[in-house]
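Quick note on labels: first sequence line is chain A, next is B, and so on, each numbered from 1.
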Amino acid sequence: MKLKVATWNVNSVRARMPVISRWIEKESPDILCMQELKATEEQYPLDEFSDLGYHSAVNGQVRWNGVAVISKYPMTNVQKDLYGFLPEQSRMISATVCGIRLINVYVPNGGDVENPRFQEKLKYYEVLREYALSFSEPTVILGDFNVAPHLEDTHSPEEQDGSVCFHPLEREQIRIFAEAGFNDVFRRFNPEGMTFSWWDYRAASFRRDRGMRLDLVLAGSTADKMITGCSIDREPRGWEKPSDHTPVVFNIEVPE
DNA sequence: ATGGCCGGGAAGCCCGGA
């Protein structure tokens with residue numbers, strides 16, 4: 001059975017519901033992992049997703065952060081805690097669906113390199129990696145990693161080098177994920193580069209294609225072998241009232 | 001040729017985003 005799975009930083013699930021439902025009707029993903037809900041579990045539009053045919057697993061928070069997985073198939077062993085790290089920030093939810101462990105994550109932005117939050121960001125990758133390595137099922141980490149992994153993943157690598165989301169210490173963390181067996185799935189299917197998943201609202205960035213690839217799918221080796229394709233759908237970034245991110249989609253062949 | 005945004009919560013700005 002082939003599943004279509006997507007990750008999308010929606011930048012407010014309530015403000016984005018028209019765009020999200022339009023995209024779901026266009027693409028009919030089996031599973032969609034969302035970040036930056038900016039909503040509590042009480043504010044989360046559970047009934048609207050249910051009407052669209054999805055179960056929801058939600059880790060909400062007032063005003064900031066918040067992540068959710070919606071799935072056409074049942075989710076089991078839903079977890080929201082990352083070893084007690086940053087307990088006040090709802091940035092992770094994971095579940096097993098059709099035998100695959102999906103870890104949906106919204107890595108801290110970090111503010112800027114001098115900000116204490118930048119050190120928390122670096123630590124977040126380490127804790128996340130340890131967590132991801134703890135599962136015996138085929139495992140996929142997907143979400144907003146808030147780093148462009150390589151030179152070909154951002155519009156102006158020379159002038160951005162050393163700034164937040166393109167700092168060598170952040171990029172190194174994605175290399176360490178690879179060393180730990182978590183492969184950058186989009187890159188495998190799209191080796192040419194300069195394909196982005198986020199464009200700033202300011203400065204007409206989308207029209208000028210001045211973006212960054214911040215939204216990643218990192219698959220453990222067993223899961224990676226089951227994945228048959230991965231792409232970025234730029235279309236909803238051009239719709240009315242868009243998120244500043246656009247969906248990253250992959251296909252995975254799972255046993256019946 | 002250049003680049004000025006967006007969302008939420010409290011309030012009529014400020015913080016955070018990246």
S.K.: With a 4.0 Å cutoff (strictly under), does any side-chain N or O of A:Y106 reach OP1 or OP2 of B:dA18?
M.R.: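 Checking A:Y106 against B:dA18: at least one side-chain N or O falls below 4.0 Å of OP1 or OP2.
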
S.K.: Would you say A:N9 reaches B:dA18's phosphate, i.e. side-chain N/O to OP1/OP2 under 4.0 Å?
M.R.: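 Checking B:dA18 against A:N9, a side-chain N or O does come within under 4.0 Å of OP1 or OP2.
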
S.K.: Roughly how many Å is it from CZ in A:R202 to C1' in B:dG7, rounded to a whole number?
M.R.: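 Atom CZ in A:R202 sits about 13 Å away from atom C1' in B:dG7.
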
S.K.: Can you tell me which nucleotide in B:dG3, B:dC5, B:dC15 comes closest to the side chain of A:W64?
M.R.: B:dC15

S.K.: Aromatic rings A:Y124 and A:F85: how do their planes relate, parallel, tilted or perpendicular, breaks at 30° and 60°?
M.R.: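 If you compare the ring of A:Y124 with that of A:F85, the planes turn out tilted.
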
S.K.: Starting at atom CG of A:D209, determine the distance to atom C1' of B:dT2, rounded to an integer number of angstrom.
M.R.: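 Atom CG in A:D209 sits about 17 Å away from atom C1' in B:dT2.
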
S.K.: Taking all heavy atoms of A:T154 and all of A:M212, pick out the closest pair and write down the distance.
M.R.: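 That closest heavy-atom pairing would be OG1-CG, 3.2 Å.
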
S.K.: Are A:W239 and A:W23 near enough that their ring centres are under 6.0 Å apart?
M.R.: no

S.K.: Considering heavy-atom distances to DNA chain B, does A:S12 or A:P108 have its closest nucleotide positioned more toward the 5' end?
M.R.: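 Between the two, 5'-proximity favours A:S12.
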
S.K.: Is there a side-chain contact between A:R16 and the phosphate of B:dG7, meaning an N or O under 4.0 Å from OP1 or OP2?
M.R.: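 So the side chain of A:R16 is within the cut-off, an N or O lying under 4.0 Å from OP1 or OP2 of B:dG7.
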
S.K.: Looking at the side chain of A:L214, which of B:dA18, B:dG3, B:dG17 is the nearest nucleotide?
M.R.: B:dA18

S.K.: Just the rounded figure in Å: distance from P of B:dA18 to OH of A:Y124.
M.R.: 13 Å

S.K.: Does A:N146 make a side-chain N or O approach to OP1 or OP2 of B:dA18 shorter than 4.0 Å?
M.R.: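 For A:N146, the contact criterion (side-chain N or O under 4.0 Å from OP1 or OP2 of B:dA18) is met.
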
S.K.: What is the distance, to the nearest angstrom, from the CG atom on A:D112 to the P atom on B:dA18?
M.R.: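 Between P of B:dA18 and CG of A:D112: 14 Å.
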
S.K.: Using whole Å, what does the distance between atom C1' of nucleotide B:dC6 and atom CG of A:N109 come to?
M.R.: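 Going from CG in A:N109 over to C1' in B:dC6 covers 15 Å.
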
S.K.: Provide the distance between the two P atoms, one in B:dA18 and one in B:dG7, to the nearest whole Å.
M.R.: 14 Å

S.K.: Using the six-membered ring wherever Trp is involved, compare the ring planes of A:W198 and A:H245 and label them parallel, tilted or perpendicular (cut-offs 30° and 60°).
M.R.: tilted

S.K.: Check each of A:N190, A:T195, A:D184 against A:R213 using the side-chain hydrogen bond (donor to acceptor under 3.5 Å, both in side chains) test, and report the only one that passes.
M.R.: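 By the side-chain hydrogen bond (donor to acceptor under 3.5 Å, both in side chains) criterion, A:R213 pairs with just one of A:N190, A:T195, A:D184: A:D184.
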
S.K.: A:R207 side chain N/O closer than 4.0 Å to the phosphate oxygens (OP1, OP2) of B:dG3?
M.R.: no

S.K.: Output yes when at least one side-chain N/O atom of A:Q43 is less than 4.0 Å from OP1 or OP2 of B:dG9, else no.
M.R.: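 Yes, A:Q43 has a side-chain N/O under 4.0 Å of OP1/OP2 on B:dG9.
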
S.K.: When the distance from CG of A:N65 to P of B:dC15 is rounded to whole Å, what number comes out?
M.R.: 17 Å

S.K.: In whole Å, what separates the C1' atom of B:dA10 from that of B:dC15?
M.R.: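 After rounding to an integer number of Å, I get 12 Å for this pair.
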
S.K.: Expressed in whole Å, how much space separates the C1' atoms belonging to B:dG16 and B:dT2?
M.R.: 26 Å

S.K.: CD of A:E36 versus C1' of B:dA18: gap in Å, rounded?
M.R.: 10 Å

S.K.: So, is A:K241 close to the B:dG7 phosphate, meaning a side-chain N or O under 4.0 Å from OP1 or OP2?
M.R.: yes

S.K.: Would you indicate what A:R91 reaches in the nucleic acid, counting non-hydrogen atoms under 4.0 angstrom: base, sugar-phosphate, or nothing?
M.R.: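 Since only primed, P, OP1 and OP2 atoms lie under 4.0 Å of A:R91, the category is sugar-phosphate.
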
S.K.: Taking A:Q35 as the fixed residue, which of A:N65, A:N9, A:N104 is the one that meets the side-chain hydrogen bond (donor to acceptor under 3.5 Å, both in side chains) rule?
M.R.: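 Going through A:N65, A:N9, A:N104 one by one, the side-chain hydrogen bond (donor to acceptor under 3.5 Å, both in side chains) with A:Q35 is satisfied by A:N104 alone.
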
S.K.: Rounded to whole angstroms, how far apart are CE on A:M17 and P on B:dG7?
M.R.: 16 Å

S.K.: Respond yes when some side-chain nitrogen or oxygen of A:H245 is under 4.0 Å from OP1 or OP2 of B:dG17, and no when none is.
M.R.: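 Answer is no, no contact under 4.0 Å.
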
S.K.: Do any side-chain nitrogens or oxygens of A:R14 fall under 4.0 Å of OP1 or OP2 in B:dG9?
M.R.: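 Yes, because at least one side-chain N or O of A:R14 sits under 4.0 Å from OP1 or OP2 of B:dG9.
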
